[in-house]
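Worksheet: the structure to be examined is printed underneath.
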Amino acid sequence: MKLPYVRHVNYLSPSALRQIEEDPVGFYLRRLGPKPETPFEEQFPPTFPSSVGLAFDGLVKECLAGLSGVVAVPPLTDTVAKVVVEPDRALAMGGRLLAHYGRSAALGNLLLEGPQALEVRVDGAIDGVPVRAQIDCVLRGNVPIDWKVAGANRPGEVSPTKGYLRCLDSRKPGEPKVHALAGAPLDQVDEDWATQMCIYSELLGSKVVGIEQVLVGADYARFATFRTTISDEFREKVKERLRQAWAAIVEERVVPEDLTVEELEALR
């Protein structure tokens with residue numbers, strides 16, 4: 001009997017593309033097959049680092065909205081409600097990171113780039129594939145950027161990703177560092193980042209993309225800023241990946257059809 005596809009996916013997102021490629025069984029069970037008895041959130045509970053990321057995300061957007069005049073931001077209470085793992089500790093760490101962001105001058109530099117919109121949902125199509133993006137921030141010139149928080153569980157132990165345009169330390173705000181590979185295409189720096197930002201930039205019609213990497217320290221923080229492009233070759237690969245993923249969904253061949261739902265669940 002053919003494996004049932006009883007739910008529908010209306011679009012792909014960067015996270016959905018990654019899941020269907022890396023965990024097709026999980027993609028099917030979560031999005032296409034019969035609704036599971038145990039909610040997905042209970043099967044894969046959030047972590048403390050993800051809570052810190054959410055806390056910083058909400059706080060920095062509220063701060064930028066106040067400083068730049070951009071008002072289209074969900075209420076901070078909506079974000080706080082999602083911080084469920086050690087919420088007091090996560091929100092406190094998020095607040096400290098925001099303070100270090102300002103102290104390091106990284107926040108001021110970002111304001112000079114002209115934030116135009118925050119928490120932007122964009123629906124569109126890339127090569128005929130329906131795509132949805134939830135973009136952290138759009139700068140002047142339609143440049144999409146995304147914040148990446150790292151090191152919440154290992155303060156001071158995580159190094160910035162190679163290729164940053166500048167890295168600022170809240171302990172030494174006037175001494176930015178520049179990586180030797182600054183300006184290299186993002187796909188040469190981090191392919192997951194490049195996939196996400198490629199989709200964002202295709203929807204916005206921008207060639208330039210940005211990442212703000214937030215690195216948690218013991219009593220400080222570092223902020224690595226990336227502003228670069230994505231190679232044409234990698235863009236074409238992302239488009240092909242989207243086409244293949246969408247075809248697998250439409251043609252109902254995400255997972256082997258000769259398995260039962262129970263057998264699929266046993267593979268998790």
Side-chain angles (χ1 to χ4, degrees), residues 1-54 57 82-85 121-136 146-154 158 161 186-187 189-200 202-203 211 213 230 234-268:
M1 186 176 74
K2 184 177 180 181
L3 199 65
Y5 282 68
V6 298
R7 289 180 286 163
H8 301 284
V9 171
N10 297 319
Y11 57 83
L12 284 175
S13 64
S15 60
L17 176 63
R18 180 175 182 176
Q19 186 181 30
I20 197 172
E21 291 177 335
E22 297 182 359
D23 180 19
V25 170
F27 186 92
Y28 171 85
L29 292 173
R30 181 182 182 187
R31 303 170 189 264
L32 298 169
K35 195 169 183 178
E37 294 182 5
T38 305
F40 179 82
E41 292 74 16
E42 294 181 21
Q43 297 179 46
F44 302 95
T47 62
F48 178 70
S50 68
S51 284
V52 173
L54 281 170
D57 186 83
K82 299 175 184 176
V83 180
V84 295
V85 180
R121 195 182 89 174
V122 182
D123 292 303
I126 298 175
D127 275 15
V129 178
V131 177
R132 172 173 293 178
Q134 195 75 28
I135 305 173
D136 276 350
D146 195 78
W147 283 281
K148 306 286 187 186
V149 179
N153 272 343
R154 295 184 293 146
V158 179
T161 300
L186 193 60
D187 44 288
V189 171
D190 187 296
E191 290 196 356
D192 284 338
W193 288 4
T195 298
Q196 176 188 9
M197 302 314 292
C198 175
I199 291 172
Y200 289 2
E202 286 289 327
L203 291 173
I211 295 288
Q213 188 179 31
I230 296 166
F234 191 82
R235 284 184 181 276
E236 291 305 314
K237 287 180 179 179
V238 170
K239 292 176 183 178
E240 176 60 22
R241 289 162 59 195
L242 285 168
R243 290 193 295 267
Q244 290 182 2
W246 191 247
I249 292 170
V250 171
E251 297 167 12
E252 299 185 351
R253 52 177 177 80
V254 172
V255 291
E257 64 176 41
D258 57 342
L259 298 177
T260 66
V261 173
E262 291 74 18
E263 288 171 333
L264 284 177
E265 290 175 339
L267 294 176
R268 295 307 307 275

Closest non-hydrogen atoms of P256 and L3, given as atom of the first, atom of the second and distance, are O-CD2, 4.0 Å
Here the gap from F27 atom CZ to L12 atom CG, rounded to the nearest 0.5 Å, amounts to 6.0 Å
| field | Heavy-atom check, side chain of I249 versus side chain of V254, under 4.5 Å | value | yes
Value for OG (S15) from CZ (R132), rounded to nearest 0.5 Å, stands at 11.5 Å
Sorted by chain and number, sequence neighbours left out, ring pair (Phe, Tyr, Trp, His ring centres under 6.0 Å) with W193 holds for F226
Taken to the nearest 0.5 Å, the spacing of R235 CZ from M197 CE works out to 10.0 Å
Separation between CG (L29) and CG (D23), nearest 0.5 Å, reads 8.0 Å
Apply the test salt bridge (charged side-chain N to carboxylate O under 4.0 Å, His left out) to residues E240 and K237: give CA-CA distance (whole Å), side-chain angles for both, the deciding distance (0.1 Å), then the verdict.
CA-CA 5 Å; E240 176 60 22; K237 287 180 179 179; over 6 Å; no
Between S51 and V84 the two heavy atoms that sit nearest each other are OG-N, 3.8 Å
Minimal heavy-atom distance between A194 and F234, with the atoms involved, is CB-CE2, 3.5 Å
Can you confirm whether R31 is buried at CZ, in the sense that more than 12 heavy atoms of other residues, nucleotides or ligands lie under 6.0 Å from that atom? yes
Do V9 and W246 make a side-chain contact, defined as non-hydrogen atoms from C-beta onward lying under 4.5 Å apart?
yes
>> Using side-chain heavy atoms (C-beta onward) and a distance below 4.5 Å, is R18 in contact with T195?
In response: no
Nearest heavy-atom contact between P49 and N153 is CG-ND2, 3.3 Å
Correct closest heavy-atom pair for Q19 and G26 would be NE2-C, 3.6 Å
Taken to the nearest 0.5 Å, the spacing of R121 CZ from L203 CG works out to 12.0 Å
Residues passing the ring pair (Phe, Tyr, Trp, His ring centres under 6.0 Å) test with Y5, sequence neighbours excluded, are Y28
Taking the side chain from R7 and the backbone from G33, do they hold a donor-acceptor pair closer than 3.5 Å?
yes
Closest non-hydrogen atoms of V158 and A150, given as atom of the first, atom of the second and distance, are CG1-CB, 4.1 Å
Between the main-chain N or O of T161 and the side-chain N or O of Q213, is there a donor-acceptor pair closer than 3.5 Å?
yes
So NZ of K148 and CG of D192: to nearest 0.5 Å the spacing works out to 8.5 Å
* Close side-chain approach of L17 and L242, heavy atoms under 4.5 Å -> yes
Tell me whether D136 contacts the main-chain N or O of W147 through its side chain, where contact means a donor paired with an acceptor under 3.5 Å.
yes
